[in-house]
Structures are given as C-alpha cells and as structure tokens.
Amino acid sequence: MPAIEAHHLYKVFGRKGREGVKRLEAGAGTDELKAAGLTPAVIDASFTVEEGEIFVVMGLSGSGKSTLIRMINGLHAPTSGHVELYGENITAATGKDLRRLRRQRISMVFQHFALFPHRSVIDNAAYGLETQGVGKEERRARAHEALELCGLSGWDEHLPSELSGGMQQRVGLARALAADTDILLMDEAFSALDPLIRRDMQDQLIELQQKLGKTILFITHDLNEAMRIGDRIAMMRNGRIVQVGTAEEILTDPANDYVAQFVADVDRTRVLTAASVMEKPAAVLGAEQGPRAAHKLMREHQIPAMFVTGRDRTLKGYVTEDEVGRHLEQKDLTGLLHPVPGLASVSPDTSLADLFGPAAETPAIAVVDDAGRLIGVVPRITLLSALAAHAETDVADAPVTADDETKEAARA
Amino acid sequence: MPESAAPVTIVPPIPIGTWLETGFTWFKQTFDALFDVIGDLITGAINGIADPLLALDPLVLAIILALLGWLLRNWKLGVGTLVGLVLIIGMDMWEPAVETLALVVVATVVALILGIPLGILAARSPVVSRIVKPVMDFMQTMPGMVWLLPVLKLFSIGVAGALVATVIFALPPAVRLTELGIRQVDGEVVEAGQAFGAGPRQILKDIQLPLALPTVMAGVNQVIMLALSMAVIAGLVGGGGLGNEVVGAISTLNLARGFDAGISVVILAIFLDRLTASIGSRRPGHGRLRELRERFTRTPATAASAS
Ligand SMILES: Nc1ncnc2c1ncn2[C@@H]1O[C@H](COP(=O)(O)OP(=O)(O)O)[C@@H](O)[C@H]1O
Ligand SMILES: [Mg+2]
C-alpha cells in the first residue's frame with residue numbers, strides 16, 4: 001500500500017475557492033482567477049509516494065510547494081481533492097481522528113525550524129512522543145537517541161536559541177524522527193542552512209533514510225538538492241505538477257521548456273550515472289574465441305581494443321588490436337588477455353564525475369553489475385558528449401521570469 | 001442667516017446619560033440582592049487579607065516583603081523595600097498602606113481572573129476580539145472617577161464599590177496584553193504543535209501561554225499599577241486605606257498628611273512595579289522556582305563551572 005496518495009488536490013485561497021476550482025476544471029487559466037481575487041496555489045496535484053521512498057517536490061518559491069505539503073498533514077484543508085495516508089483519508093478526518101493520524105503516521109520538519117523556544121532541546125525532540133502519551137522516562141530516552149542520531153549528543157539541556165542554525169535544524173529533524181512516524185514531511189528543511197552544512201545534512205538524511213526506512217516527502221527549490229536526495233522528483237510550476245520522474249528521467253527527458261531550464265543549471269556530472277550514459281558494447285569477444293576472430297571484429301568496428309567476456313558474460317579482460325595482430329597464428333588468447341584495471345571497471349550507479357579519472361587512462365570504461373557481468377561500456381567520446389548536452393539544454397526564451405528570481409533572492 | 005443663529009434647535013436633545021441611568025436603575029433594582037451578596041464577598045475577601053497582615057508586627061511584615069523582593073529580584077530591591085516600608089511606618093501610614101495593598105491585591109486577582117480568559121478567547125476568535133476591543137477602549141478612556149458613580153449606587157459607600165471601580169479601571173491591559181501575547185506567538189510554532197497531533201488545549205497550555213507569558217506579565221504589571229492609582233481615587237467612595245487619607249487631607253487642607261499619604265503610594269507603586277516587572281522579564285524556559293533552587297543549592301564548585 002502506498003504511504004501517501006494525493007488525489008486531485010486543489011487549494012484556491014480566497015473567499016470563493018470552490019468556484020475557483022470549478023473554473024479551473026472548466027479550463028480557466030491562473031490569471032483569470034487572479035483577476036477575480038483568487039489565488040490558485042495548488043492545481044490538480046495527484047501523486048503517489050511508495051513506502052520507503054524519498055519523494056521530492058521541486059519548484060520555485062511561490063509555486064505552491066508549502067501549500068501542497070500542508071495539505072498532506074491537514075494543516076491546510078484542500079479546496080478540493082483528498083489525501084490518503086496508508087489508505088486512510090486524512091482530509092476527511094477531524095478532531096480526534098486527525099490528531100491520531102498525525103501522531104501515528106506523519107511528522108514534519110519546518111523550513112524555519114519552528115522549535116519551541118521555551119523548551120530545552122530534549123523536550124523539543126520529545127514533543128511528538130509527549131502528544132502520543134509516552135511516559136516521561138521513555139520519551140526522554142527515545143528523544144535522546146534521536147538527538148544522538150542527528151549528531152547532537154551533549155546538547156540535551158540547552159535551549160534552542162543557544163544552538164547554531166544548522167544544529168537547530170537538526171533538533172527539528174530529531175523531533176520528527178523521535179516521533180517515529182512512518183512518514184516524514186520536510187518543507188525546505190535545509191534551505192536556511194549554508195551550503196556546506198546543507199550538503200552534510202543531505203548526506204545524513206540519505207543515510208538515516210537507509211537506516212530507518214522512512215517514507216520522506218521532501219520539498220526544495222534547489223534542483224541539485226532534489227537530484228541528490230530524491231528517488232523520484234515532482235517538478236512544480238505555478239501550482240501544477242508538470243513532471244514526475246527519477247532524476248535521470250528529468251535530466252535526460254525534460255517534459256517541457258520549464259523543466260529543461262531548470263535542468264540546465266544542474267551539475268549533471270553529480271546526477272547522471274554511468275548507467276545513464278553507457279552504451280551497448282559495439283563488439284564483445286568470447287573468451288573461448290581466438291586472435292583471428294578478435295582481429296576481425298576490431299577491424300570491422302574500427303576500435304583499438306575490446307572487452308572479453310566469459311560464457312556467463314562476466315568480464316574477463318581486454319585485448320588490443322596491435323598485440324592480436326602480431327599473434328594471429330595463436331590458437332587462443334593466452335598471453336594476449338589483459339585484466340581490466342580496477343579503475344576502468346565501474347558499477348552502473350557511479351556518477352559521471354567519478355568517471356573522468358579512469359576515462360583519462362583508458363579509451364573506454366567497462367560498466368559491470370554486482371555479479372561481475374559486463375552490462376555496458378562508456379567510451380571516452382560518449383562521456384564528453386554527455387557533458388556537452390549540458391550546454392545545449394539552454395533554452396532561448398527563459399521561462400524563469402525576473403520576478404521569480406527576485407522573489408527567490410528575497411527569501412534567501 | 002437666521003438658521004445659523006439657532007443651530008441648537010436643529011439637533012434634538014440626546015440625553016444619553018439619562019438613558020443610561022434609567023437602564024442602570026432597572027439593572028440595580030432587578031439584581032439588588034445579587035449585588036448585596038457580591039458586596040459582602042468582596043468586603044470579606046479584602047478584610048481576609050488585610051486583617052492577618054495587620055495582625056503582624058509592622059516591622060516583621062516589612063522584613064517579609066523585603067525578603068520577597070530579594071528572592072524574586074535581587075538584594076537591591078530587598079534593601080529598597082525595607083527602607084521604603086520603614087518610611088511608611090515612620091510616617092504613621094502603615095495601616096492605610098496595608099489596606100490599600102489588600103485592595104490592590106484583590107482587585108488585581110479579580111481583574112486577572114476575568115481578563116486573562118477573556119484575552120485568550122479574543123485571541124482565538126476574531127468575533128470576540130472585535131467585540132472586546134471597543135469595550136476595553138471605552139472602559140479605559142472613560143475618566144476613572146466616572147466609574148465611581150454607578151458603583152456607588154450599586155454598593156453604596158464602602159470598600160466593595162471601590163473594588164469594583166478599581167477592577168473595571170484596571171481590567172483592560174490584562175485582556176489586551178493576553179490577546180496580544182498569544183497572537184504574537186510564531187504561527188509556525190503553533191503549526192508545529194498541530195503537526196505533531198497536539199489538541200487546541202495542549203497547544204494553549206504548552207505553547208501559546210508559555211510563549212505569551214512575558215507579554216501577559218507586562219499586562220499584569222500594568223493592571224497592578226492601574227489598580228493602585230484607582231484604589232487611591234476610590235478613597236472618594238469609602239475605599240479606605242491611603243485613598244481615605246488623601247481625601248481626608250484634601251478636605252482639611254492638611255498638606256503634611258497629604259504628602260505622607262502620597263509618598264506612601266509612591267513607595268508601594270515602586271515596590272509592586274519592580275516586583276512584577278522582574279517576574280515578567282525572566283528567561284523563557286526557566287521556571288522561577290527552578291532558578292531559585294539553583295541559586296540556593298549551587299555549591300561554589302558548580303557556580304564556578306557554570307560561569
Ligand atoms: N494563507 C494564504 N493565504 C493566501 N495566499 C496564500 C497563503 N499561503 C500561500 N499563499 C499563496 O499561494 C501561493 C503558493 O505559496 P506557497 O505554497 O507558500 O509556495 P512555496 O512554498 O512554493 O514558496 C503563493 O502565491 C502564496 O502567496
Ligand atoms: Mg514554501
């Protein structure tokens with residue numbers, strides 16, 4: 001069962017929001033509604049987040065991300081549509097039911113921390129357990145654990161104001177983790193942090209997620225961050241979700257110019273992996289074949305060297321055209337087969353950035369799966385063209401307006 | 001022009017005061033018995049506080065109050081309190097000063113019991129807020145002495161009426177600053193409470209009120225100050241205490257007695273102000289009691305490591 005299901009969520013701020021939804025459904029544009037004094041913050045958003053997934057919602061400031069995430073835990077009531085958490089409709093829940101769902105299913109990390117300034121760090125972290133009715137001893141023990149997990153041991157009895165911004169955000173994270181709910185909502189949780197700490201927190205989050213298996217709905221306006229941590233990413237613009245996909249899908253196949261524009265800014269080398277640029281090997285030699293066959297294949301394909309695999313496709317090594325040509329009379333490859341240096345054989349999820357080193361040494365890199373089978377090659381030339389694609393995605397009429405950018409600057 | 005010569009005739013007479021009086025008279029006749037009971041209760045409460053205090057030796061009470069000042073704030077307030085109270089004793093104003101203190105204490109308690117919940121309601125409901133605001137403005141801008149009239153009619157001369165007038169006059173800051181304090185609490189912090197499944201009552205108790213406390217305490221301080229000033233004015237309707245002394249001094253043109261009473265009021269005002277201001281300005285998250293306990297259980301070693 002999916003952890004989160006959002007069904008046709010609309011949020012239209014203003015007096016007659018429902019009418020606004022009807023007009024949107026009938027095809028009215030955002031501007032039309034704005035002229036009528038309505039603010040369509042989220043328009044027809046539907047998506048599903050699987051258990052254990054990190055799902056990122058990405059968009060510029062004002063695109064409706066916060067409004068969307070607040071509808072997931074019921075801080076905002078949708079104007080139309082509903083949200084299900086593990087099959088339970090939280091949008092329809094009120095009073096006691098709503099509180100039970102929040103305690104048991106879903107906790108949240110806020111952009112500006114939203115810590116309780118009058119409570120010590122540990123009492124902040126223990127808050128979720130407190131509302132769940134856990135006894136004092138136990139909740140302090142568990143809060144302490146969560147703080148340790150977030151690298152905050154020794155700060156239990158301090159007030160939040162005595163901590164740096166990065167540490168305060170970790171208290172926010174510990175508060176959400178200590179509550180031990182299935183789902184974590186994170187609204188620009190790292191945006192207020194400086195870049196170095198931010199990187200660090202992203203790594204920690206991914207690590208925590210792997211350790212604890214939480215379902216995470218993460219919001220950001222930074223595509224690099226989205227690509228780094230998201231299993232899947234929803235691109236949001238002016239209240240609408242314009243594309244949902246993995247980092248690679250979005251990079252290699254942007255749904256429209258808007259997404260493409262974003263993608264242009266991303267450091268592709270960190271996001272693209274060997275698997276996304278590798279090619280089917282033009283020619284592979286069976287280990288049982290002889291120098292003649294090797295020579296013929298390399299000639300045909302005009303390649304100076306080729307990989308050699310066993311019957312089960314495991315990588316055995318490589319041969320070069322020069323050497324093979326000098327020993328055409330030999331029956332087998334004895335003495336001609338060289339082992340592939342460790343650097344030149346990589347796993348499919350190695351990032352492009354890590355391919356540059358090996359690429360300088362060998363004309364082609366072998367991509368090998370866990371069982372040692374050759375699944376693709378990355379010729380040096382492909383690596384370079386993948387990088388060049390970076391420059392090509394610049395779109396002439398930039399959809400990112402100056403207005404959006406000033407807003408972004410104002411937030412920062 | 002002939003019209004402008006007699007503009008008065010254009011506007012019909014509007015005797016608002018008379019209407020109010022008519023309504024008020026009906027009110028009094030209908031609830032007369034109730035006001036008798038209330039009056040007795042109030043008188044009982046004030047005497048209940050004033051009598052035991054007066055039973056103590058003045059110097060003993062002065063020392064107790066000085067200790068209170070020291071505990072809640074610092075040794076300077078303790079010493080200042082002792083000096084001030086000894087002055088009052090020396091001016092032979094002790095008994096009226098204690099009576100006034102009792103009146104102020106009861107008036108403050110009543111004003112807070114009414115005002116803080118009203119402030120909470122106003123903070124949560126825009127409707128209540130919209131109704132309460134003009135009423136508070138009206139109560140506060142009406143010259144204090146005017147309140148003495150209806151009160152006098154309801155309770156006749158005596159301390160009960162004085163107290164009611166004092167409460168009416170001192171109530172607004174309690175309501176206003178409670179509402180303000182709660183509204184000032186960061187919306188995201190309240191949302192954090194909701195997001196973790198806290199109910200409205202938990203949010204009020206654990207988040208809004210503690211965070212509003214400094215503002216609420218500023219309101220309490222103002223309530224006390226207003227109560228003190230009104231308690232003196234209420235001497236006109238038999239409020240007793242220092243007000244009585246002032247009124248007596250005015251009617252006999254006794255300058256010396258007037259100043260003795262006036263200075264006593266000033267001393268009480270400073271004492272009460274400093275005492276309550278110190279409660280309001282304390283660090284959030286640190287219970288006063290905990291702080292006190294720390295202060296007295298701290299050994300030289302821990303004191304050194306803490307600094
Ligand atoms: N409570 C509100 N009342 C009216 N408009 C709002 C409210 N909250 C957000 N909006 C509007 O909805 C739009 C989306 O806002 P938000 O969800 O905060 O965007 P983001 O989190 O992506 O920056 C903005 O135009 C914003 O002004
Ligand atoms: Mg936002």
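Chain A is the first sequence line, chain B the second, and so forth, proteins listed ahead of strands; every chain is numbered from 1.
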Shortest non-hydrogen contact from [X] to [Y]?
X: B:A192; Y: A:R175; answer: CB-NH2, 3.8 Å
X: B:F196; Y: A:G128; answer: CD2-CA, 3.8 Å
X: A:Y127; Y: B:A198; answer: OH-CB, 3.2 Å
X: A:R99; Y: B:G197; answer: CD-O, 3.5 Å
X: A:P117; Y: B:L211; answer: CG-CD2, 3.4 Å
X: B:Q202; Y: A:R103; answer: OE1-NH2, 3.7 Å

Taking the side chain as everything from C-beta on, heavy atoms only, tell me whether [X] gets closer than 4.5 Å to [Y].
X: B:D206; Y: A:E130; result: yes
X: A:R102; Y: B:Q194; result: yes
X: B:E191; Y: A:F110; result: yes

Could you measure the distance from the CD1 atom of B:I207 to the CZ atom of A:R119? Nearest 0.5 Å is fine. 7.0 Å
Region of A:R70 that comes under 4.5 Å of a non-hydrogen atom in chain B: side chain
For A:L115, is it the side chain, the backbone, both or neither that has a heavy atom under 4.5 Å from a heavy atom of chain B? backbone
More than 12 foreign heavy atoms under 6.0 Å from CZ of A:R15: is that the case here?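 Atom CZ in A:R15 is not packed in, count stays at 12 or less.
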Output the option from A:T131, A:T181, A:N73 having the highest count of non-hydrogen pairs under 4.5 Å with chain B.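 Option with the top pair count is A:T131.
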